[in-house]
Amino acid sequence: MKQVDPTLEKMLLGLPKKDREKIQSISWTEKRLLDAIQEAKNNMKYDIQFGIPWLVMYTVSMITFGMTPLTTTILVLGFGYFLFVMARRGSYGLNRRKRKVFEYMLDKKNEG
């Protein structure tokens, strides 16, 4: 019978059902966990690399020109990017929670 870790169960509740089921169904090796941590970190990095410049461009355009076609285009591009990314890789916050789960699982694996 599998030992249930209450801390891990609580952390998993913060994830969508699809991700929770996927994490619970896989037999995690140390390499898989390290790869999953790196993937979550990379996804977070991509969000920052796009999000901060987009926010600066949109803010500068809005302050300088007001709501012009340029500002609207920047806004639509940003929303389009983030909608695509959220559907594909998850949001920054979701990836941060996944990273914490994987790091916790790696720590538990290294302890035992």
List the atom pairs, donor and acceptor, that lie under 3.5 Å between side-chain atoms in residues 67-74 and the rest of the protein, sequence neighbours left out.
residue	atom	partner	partner atom	Å
T68	OG1	L70	N	3.4
T68	OG1	T71	N	3.4
T68	OG1	T71	OG1	3.3
T71	OG1	S61	OG	2.6
T71	OG1	G66	O	2.8
T72	OG1	T68	O	3.0
T73	OG1	P69	O	2.7

Might you point out which heavy atoms bring [X] and [Y] nearest each other, and give the distance in Å?
X: L34; Y: L106; value: CD2-CD2, 3.5 Å
X: F82; Y: W54; value: CE1-CE3, 4.2 Å
X: P53; Y: I48; value: CD-O, 3.8 Å
X: S27; Y: R32; value: O-NH1, 3.0 Å

[X] side, atom [atom1]; [Y] side, atom [atom2] - distance, nearest 0.5 Å:
X: M86; Y: N95; atom1: CE; atom2: CG; result: 10.5 Å
X: K98; Y: S91; atom1: NZ; atom2: OG; result: 9.0 Å
X: L33; Y: F102; atom1: CG; atom2: CZ; result: 7.5 Å
X: I37; Y: E103; atom1: CD1; atom2: CD; result: 5.0 Å
X: D19; Y: L12; atom1: CG; atom2: CG; result: 10.0 Å
X: L55; Y: M62; atom1: CG; atom2: CE; result: 12.5 Å

Set of side chain to side chain contact (heavy atoms under 4.5 Å, CB included) partners for [X], sequence neighbours left out:
X: K17; result: R20, E21
X: Y46; result: N42, N43, Q49, Y81, R89
X: T7; result: D5, M11, Y104
X: R96; result: M44, Y92, R99, K100

State plainly whether one hydrophobic cluster holds both [X] and [Y], where clusters connect Ile, Leu, Val, Met, Phe, Trp and Tyr through side-chain heavy atoms under 4.5 angstrom apart.
X: I26; Y: L94; value: yes
X: I63; Y: M57; value: no
X: L15; Y: V85; value: no
X: F79; Y: F84; value: yes
X: V76; Y: F65; value: no

Contact list for residues 22-31, test salt bridge (charged side-chain N to carboxylate O under 4.0 Å, His left out), sequence neighbours left out: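 Output for this query lists K31-D35.
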
Using side-chain heavy atoms (C-beta onward) and a distance below 4.5 Å, is I23 in contact with W28?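 Yes, their side chains come closer than 4.5 Å.
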
With sequence neighbours excluded, give me every ring pair (Phe, Tyr, Trp, His ring centres under 6.0 Å) pair touching residues 7-27. none

Using the side chain to side chain contact (heavy atoms under 4.5 Å, CB included) rule, pick out the option among Q24, M105, K108 that qualifies with L8.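 Among Q24, M105, K108, the one meeting side chain to side chain contact (heavy atoms under 4.5 Å, CB included) with L8 is M105.
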
